[in-house]
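Here is the structure we will look at.
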Amino acid sequence: MTSLTVSAFQVPPPRKVAAAAVAVQSSKEPPFSPVTPSTTATTSDFSTPSQIRQLHARLIKSGLPLSSSASALPLLRVAAVCALSSPSAFSYARQLFRVSDATVSETVLWNSHLNTLSSSPSPADALVLFSRLLFAGVPSDSFTLSFVLKACSRSPCALPLGRAVHGLVEKLGLRFDVFLLNTLVHMYASRGDTVAARLLFDVMPVKDVVTWNIMITHYTKSGEMVVARQLFDLMPERSVRSWTAMIAGYVQWKNPREALRLFREMELAGVKPNEVTVVAVLAACADLGELDLGKRMHEFAKQRSLHKNNVRVCNTLIDMYIKCGCVEMARHVFDAMDERTVVSWSAMIGGHAMHGEAEEALELFSRMRETGLEPNGVTFVGLLHACSHMGLLEEGRQFFRSMTEDHGIVPEIEHYGCMVDLLSRAGLLEEAREFIRKMPVKPNSVVWGALLGGAKVHKNMKIGEEAIQHLMVLDPLNDGYYVVLSNIYADAGQWEDVGKVRRMMKDRGLKKTPGWSTISLDGVVHEFVAGESDHPQTEEIYKRLDELLEKLRCRGYIPDTSAVLLDMDEKEKEHVLYRHSEKLAVVFGLMNTPQGTPIRIMKNLRVCSDCHVALKLISEVTNRAIIVRDRNRFHCFSHGSCSCRDYW
DNA sequence: TTAGGGTTAG
């Protein structure tokens, strides 16, 4: 007889009430259970003030008095959320509260709603509700203010209101409430008022570890790592979050070495990492190619069962393995994941692309589409890279069209860069130039650099000169472009122009960036810089390299001196090539690892053509896999050939 | 019923 049929109230819920469903669904008791235990109604079925009144009326008719708090509280929850829609709905909710015998105070009731709204997708709703509470004279407590401050932190333009709440905190004598003051510091920091945040931090009579963490995190996020570190060094006690905030900051601001140094210090201090630390450390390992530590973090994640359950940990693991040259391990992690996001798919697609495995990248994309997951801009960067690295011209064009036509993604500068790269490498230099001319966004140095690269491969001096004109304006201090232009002239035997480029570099005070390569052995990173010889094993390395080059010459290796941008004779140029850092690092690896172990090298520049030929032959002569991560992609040398199939 | 750290393009 009291069946509250859901169908009677079914209307499309307005946006504002979305939070109501969250509020009630997250509570332990099913909504309206005292009345209709079997109903599946949710608050979204009762979403307007008039529907609430109808529901109220039915409750009264059903004989269940509103004073029974078991039936009143769910109704009050709904009413309170509807209170946002108008002042009259707000008054109605307050009336409901007064006639009910709810066991909590009115402030507690509203606090609960403020809490829900402040962490909802539209935190400004909490501010609307708070203004109604203030206007109606409902008393606030420290909980009320902390929820409002949280909403201010998350709403743009809410700084003035946040300041007003700060005034209220003082007025209510709550300045010794550390919790509330922490929320205030966080509010100032997240609304960009560093000065106010720091001032409050400095004068706070009592601070706890959270206070320090908030301030440190703010500095790390704004790139003020030195200030963050000062606070970190000063703080009286540190939690795992303090360490993690600093480590993540160093990773974010491209100082992965310091991140790992601090991580080791953290381990020595006996602090156990959590999953966020794992993510940050893995990201540092990815940057540095630190496979050993990356594997150790993977083991740690397995012990804590993070290797399947935590998508972010898995995504970072995939990225780490890819950037350390272990695409198969990355794929292993990817395949074992229970749940994958667009980040997981994009990372794996991009990983296959970086390793020249275009087929796998494209196949993975088809599988991703089958799951119904929508790709994003990053997914397409990976796909376009796969196409350009492997010369899949038509597929690349198709993806570029499809990203806009089928997926509504507006191409960004990275996508244009990939397309110019794709066209230029394929030798369609005129088309690439036309493509740049028609681009709706201003071409950057990556775009012109791609055209220059194509001009070098296809020996097109005119287009190379055009590209360099733009590059000299966009990125005047980058020496790499001059080197490429000089290579183009050298290829054509125009030595006078080679000289001109050299003089141009000299006039601008540019020196060729020294190439370096690193190899990690038992957790120690060994760095080799072209031409430098301060490694303790230098003498032995050169001796072994000499022997190796002799073997290579027997197999037809002729040093390709065109990559050397110096005014010297051929013999001297050969000597420069001979000291290239990747050759030294590979020989060091051969000397210090057992036969059969792959050698993994990281390089700051692109592998030069001479080293590319040499490394192919070295892999054959020594029967070793050599994996080189250069600034663009991976080259996996094995049995005399390279995974890039010489297309790079 | 309140606060703080994390993933893909380079």
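All figures in this text were calculated on a predicted structure; none of them were measured in a lab. Letters go in sequence order (proteins before strands), and every chain restarts at 1.
Residues A/Ser388 and A/Asp421 have side chains that bring a donor and an acceptor to within less than 3.5 angstrom of each other. A/Asp319 and A/Thr316 form no side-chain donor-acceptor contact under 3.5 Å, judged by distance and modelled atom types alone. In this structure, a donor-acceptor pair under 3.5 Å is present between the side chains of A/Thr379 and A/Asn376.
Out of B/dG4, B/dT7, B/dG5, the shortest distance to the side chain of A/Ile214 is found at B/dG4. Picking from B/dT8, B/dT2, B/dG6 the nucleotide with the shortest atom distance to the side chain of A/Ser146 gives B/dT2. Taking the side chain of A/Val378 as heavy atoms from C-beta on, and the options B/dT8, B/dG5, B/dA3, the nearest nucleotide is B/dT8. Proximity note for A/Asn115 (side chain, C-beta onward) versus B/dT1, B/dT8, B/dG6: the nearest is B/dT1. The nucleotide whose nearest atom lies closest to any side-chain atom of A/Val210 is, among B/dG4, B/dT2, B/dG6, B/dG4. Residue A/His186 places its side chain closer to B/dG4 than to any other of B/dG4, B/dG6, B/dT8. Side-chain proximity of A/Thr277 to the nucleotides B/dG5, B/dT1, B/dT8 is greatest for B/dG5. Checking B/dG6, B/dA3, B/dA9 against every side-chain atom of A/Lys323, the shortest atom distance belongs to B/dA9.
Residues A/Arg367 and A/Glu370 are not paired through a salt bridge, judged by the lack of any N-O separation under 4.0 Å between the basic side chain and the carboxylate.
Residue contacts for A/Ser242: at a heavy-atom cut-off of 4.0 Å it reaches no nucleic acid atom on any strand shown. Among the atoms of the strands shown, base atoms are found under 4.0 Å from some heavy atom of A/Asp208. In this structure, A/Val278 reaches neither bases nor backbone, as no heavy-atom distance under 4.0 Å exists between it and the strands shown.
Remark: ring of A/Phe147 not stacked against base of B/dT1; the cut-offs of centroid gap under 5.5 Å and plane tilt under 30° are not jointly satisfied. For B/dT8, the base is not stacked against the aromatic ring of A/Trp345, per a cut-off of 5.5 Å between centres and 30° between planes.
When rounded to the nearest whole Å, the span between CD of A/Glu414 and P of B/dT8 equals 14 Å. B/dT8 atom P lies 11 Å from atom CD of A/Gln252, rounded to whole Å. Here B/dG6 presents its C1' atom at 17 Å from CD1 of A/Ile216, a figure rounded to the nearest Å. Note: OH (A/Tyr250) to P (B/dG5) measures 18 Å, nearest angstrom. Computed from coordinates, the A/Lys150 NZ to B/dA3 P distance equals 5 Å when rounded to whole Å. Between the C1' atom of B/dT8 and the CD atom of A/Glu339 lies a distance of 15 Å, rounded to the nearest Å. Note: CZ (A/Phe201) to P (B/dG4) measures 16 Å, nearest angstrom. The nearest whole Å value for the distance from the CZ atom in A/Arg241 to the C1' atom in B/dG4 is 5 Å.
A donor and an acceptor atom never sit less than 3.5 Å apart when one is taken from the side chain of A/Asn315 and the other from the base of B/dG6. The base of B/dG5 has none of its N or O atoms less than 3.5 Å from a complementary donor or acceptor on the side chain of A/Thr220.
Of the residues in residues 280-287 of chain A, those lying under 4.0 Å from DNA chain B by heavy-atom distance are A/Asp287.
Taking the six-membered ring for Trp and the full ring otherwise, A/Trp243 and A/Phe263 have centroids separated by 6.0 Å or more. A distance of 6.0 Å or more separates the ring centres of A/Trp212 and A/Phe232. Ring centroid separation for the pair A/His332 and A/Tyr321 does not come in under the 6.0 Å cut-off.
Look at A/Lys221 and you'll find a side-chain N or O under 4.0 angstrom from OP1 or OP2 of B/dG6.
Residues satisfying the side chain to side chain donor-acceptor pair (under 3.5 Å) test with A/Arg175, not counting sequence neighbours, are A/Glu170. The side chain to side chain donor-acceptor pair (under 3.5 Å) check on A/Thr277 picks up A/Thr244, A/Asn274, with sequence neighbours excluded.
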